[in-house]
Asker: 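Pasting a structure here, questions to come.
In each ligand, atom 1 is the first atom listed, and ligand 1 is the first ligand listed. The residues of the chain are indexed from 1 along the displayed sequence. As the structure is a computational prediction, the values presented were derived from the model and not from experiment.
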Amino acid sequence: MKLWGGRFTKETNQLVNNFNASISFDQKFYRQDINGSIAHVKMLSKQGILTDEDKNAIINGLEGILSDIESGALTIGDEYEDIHSFVEATLTERIGEPGKRLHTGRSRNDQVALDMKLYTRDEILETDALLKELLNVIINIMENNTETFMPGFTHLQKAQPITLAHHMGAYFEMFKRDRDRLSDIYKRMNYCPLGSGALAGTTYPLDREYTAELLDFYGPTLNSMDSVSDRDYLIEFLSALSTIMMHLSRFSEEIILWNSNEYRFIEIDDAYSTGSSIMPQKKNPDIAELVRGKTGRVYGALMSILTTMKGIPLAYNKDMQEDKELSFDAFDTVKGCISLFTGMLNTIKFNKSVMENSARHGFTNATDAADYLVNHGVPFRDAHGIVGQLVLFCIEKNISLDDMTIDEYKAISPVFEDDIYDAISIKTCVDKRVTIGAPGKDAMEKVIEINKKYLEEN
Ligand code: ARG
């Protein structure tokens, strides 16, 4: 059953077997392991290291194992040490002698490095595709809400009026950068470690370029010691995943706030909400809360691998087996969070009038009132002080700037004329913000065009 019994005279302690084995989690990449082996034997036979006959027997055997695992006819037994042992032992059981030639010119060190890379590479692509779906939902909300006014906040205090399109646009940029990070990582990691052997290459005349090509890598890795001990790409990917979760978590936090009884900016669809077992009136934003909560465990996976790797001398050490469980958990967690979040966002109802009303009450147009004075020759610092007095007046009377009479305005500064009302209307405040990146409708529409083109091209 073991790949390494020869030099041992005693049975391994059962607890050691359990502690050492990785089959319970590395079976997740059985497909990558089998495909890697198929590429390896094709290369071996091309190089004359394996006969055509053996090659064909092995490939048939491996393909049979793959389809039997997928159909459920073959179960991966936990009596094996790892997925590599399981595949090789099953192969030999099924095809005899040729099965024992599969591992020629290979070590489990370069094999596992390959499997994990192949697995992670697929995960990068799947995560990217999910982010793209999320971006499609966001751009759709943006297109429909360039005139849905709402307050923008700093310090969670109403600051200046913006639009829902503008607010959503901020998240669009974040997830766009996240996708960029993924494609950077892919470019850096897509080199094939197979053929590096245990650490020092092999004495067989392997064609590593060919193996790399068969497995869709850009080429072979260039140092065999680095190849078997590099997990940088995992650290980078987990870091990118942590950033995605940080973005999703901030977004979730806003969804939770906006969905609260105090804000009522949005209503989460029934299909994405949950109830309380005791309080009949409750409709809770559990999905957003769970996304926010799960961020912690993705950060945990990143911290774990950073810590695992920091003291490991070259080359392979068993510590590195610890790269898998938390990574797999993080990969699945992030994919689940993006899909659920996308579904939730796509079905949210925006209470546009509540949002707009909130922008009207809260002095989000105070800066624009000061700008009005500046445009009439008042120095900005003085204008700031005058508008401060207006705000104080309004707070005392419990009204907004728009509700003040022109006489009340003039009593504080004679510079004010009737056109102040238009100058501080929420629509004017937004539309006057025309520089690229600002919420004004024209600027926003330009950005939406740029981002739609980006989605078509990426
Ligand atoms: N299960 C091992 C891992 O995940 C496979 C490599 C084993 N190599 C070795 N030299 N023991 O890292």
Side-chain angles (χ1 to χ4, degrees), residues 1-8 10-37 39-40 62 65 69 76-91 102-123 189 192-203 211 215 221 223-235 237-238 301 304-332:
M1 213 83 83
K2 282 202 178 77
L3 298 176
W4 41 265
R7 65 101 69 210
F8 290 78
K10 266 191 179 177
E11 278 299 306
T12 323
N13 178 304
Q14 191 47 43
L15 289 176
V16 170
N17 270 338
N18 298 345
F19 191 65
N20 189 49
S22 51
I23 188 84
S24 64
F25 47 88
D26 64 17
Q27 56 180 279
K28 213 167 160 90
F29 51 52
Y30 68 86
R31 196 178 320 115
Q32 287 77 7
D33 193 73
I34 291 172
N35 288 336
S37 290
H40 182 62
L62 288 172
I65 292 174
I69 294 175
I76 301 173
D78 56 11
E79 65 275 27
Y80 296 89
E81 181 182 344
D82 51 30
I83 188 65
H84 326 297
S85 316
F86 169 79
V87 171
E88 193 178 318
T90 311
L91 180 70
L102 165 65
H103 208 53
T104 314
R106 189 174 71 172
S107 155
R108 273 185 300 166
N109 296 352
D110 58 347
Q111 187 178 359
V112 78
L114 172 74
D115 293 359
M116 194 63 186
K117 259 194 170 178
L118 288 173
Y119 190 89
T120 305
R121 196 175 70 171
D122 289 346
E123 290 293 317
M189 64 92 75
C192 183
L194 198 63
S196 298
L199 76 161
T202 74
T203 53
T211 313
L215 292 167
T221 50
N223 182 291
S224 57
M225 298 246 276
D226 176 52
S227 309
V228 294
S229 54
D230 166 32
R231 298 294 182 273
D232 291 6
Y233 69 92
L234 265 182
I235 292 172
F237 185 39
L238 287 170
S304 161
I305 181 130
L306 276 170
T307 312
T308 297
M309 295 304 294
K310 78 183 252 299
I312 306 184
L314 292 179
Y316 178 84
N317 296 263
K318 193 69 174 232
D319 316 41
M320 290 157 99
Q321 178 166 292
E322 286 295 309
D323 65 353
K324 295 176 192 61
E325 284 162 284
L326 293 182
S327 296
F328 292 155
D329 180 71
F331 298 170
D332 292 344

Asker: For the pair Glu88 and Arg108, find out whether any cationic side-chain nitrogen is under 4.0 Å from an anionic carboxylate oxygen.
Answerer: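 Arg108 and Glu88: not salt-bridged.
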
Asker: Which of the numbered atoms in ligand 1 are under 4.0 angstrom from any heavy atom belonging to Lys324?
Answerer: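 Ligand 1 atoms under the 4.0 Å threshold to Lys324: 3 (C), 4 (O), 12 (O).
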
Asker: What residue and heavy atom of the protein are closest to atom 11 (N) of ligand 1, and at what distance?
Answerer: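 The closest one turns out to be Arg108 NH2, 3.9 Å.
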
Asker: List ligand 1 atoms under 4.0 Å from Asn109, heavy atoms only on the residue side.
Answerer: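 Those qualifying, in numeric order: 8 (N), 9 (C), 10 (N).
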
Asker: Mind listing the closest non-hydrogen atom pair of Leu114 and Gly36 along with its distance?
Answerer: CD2-CA, 3.7 Å

Asker: Is it the case that atom CZ in Phe19 sees more than 12 heavy atoms from other parts of the structure closer than 6.0 Å?
Answerer: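 Atom CZ in Phe19 is not crowded, with 12 or fewer foreign heavy atoms closer than 6.0 Å.
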
Asker: Atom 12 (O) of ligand 1: which protein heavy atom is closest, and how many Å away?
Answerer: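 Atom 12 (O) of ligand 1 sits closest to the protein heavy atom Tyr316 OH, 2.4 Å.
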
Asker: Under 3.5 Å between some N or O of ligand 1 and some N or O of His84?
Answerer: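 His84 vs ligand 1: no N/O contact under 3.5 Å.
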
Asker: In this structure, are over 12 heavy atoms from other groups packed under 6.0 Å from Gln321 atom CD?
Answerer: yes

Asker: Counting from 1, what ligand 1 atoms have a heavy atom of Gln321 closer than 4.0 Å?
Answerer: 1 (N), 2 (C), 3 (C), 4 (O), 12 (O)

Asker: Heavy-atom count around Lys318 NZ within 6.0 Å, excluding the residue itself: above 12?
Answerer: yes

Asker: I need the atoms of ligand 1 closer than 4.0 Å to a non-hydrogen atom of Ser22, numbered in the order shown.
Answerer: 1 (N)

Asker: Okay, side chain of Thr221, backbone of Cys192: is any donor-acceptor separation there less than 3.5 Å?
Answerer: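 Confirmed, Thr221 side chain pairs with Cys192 backbone.
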
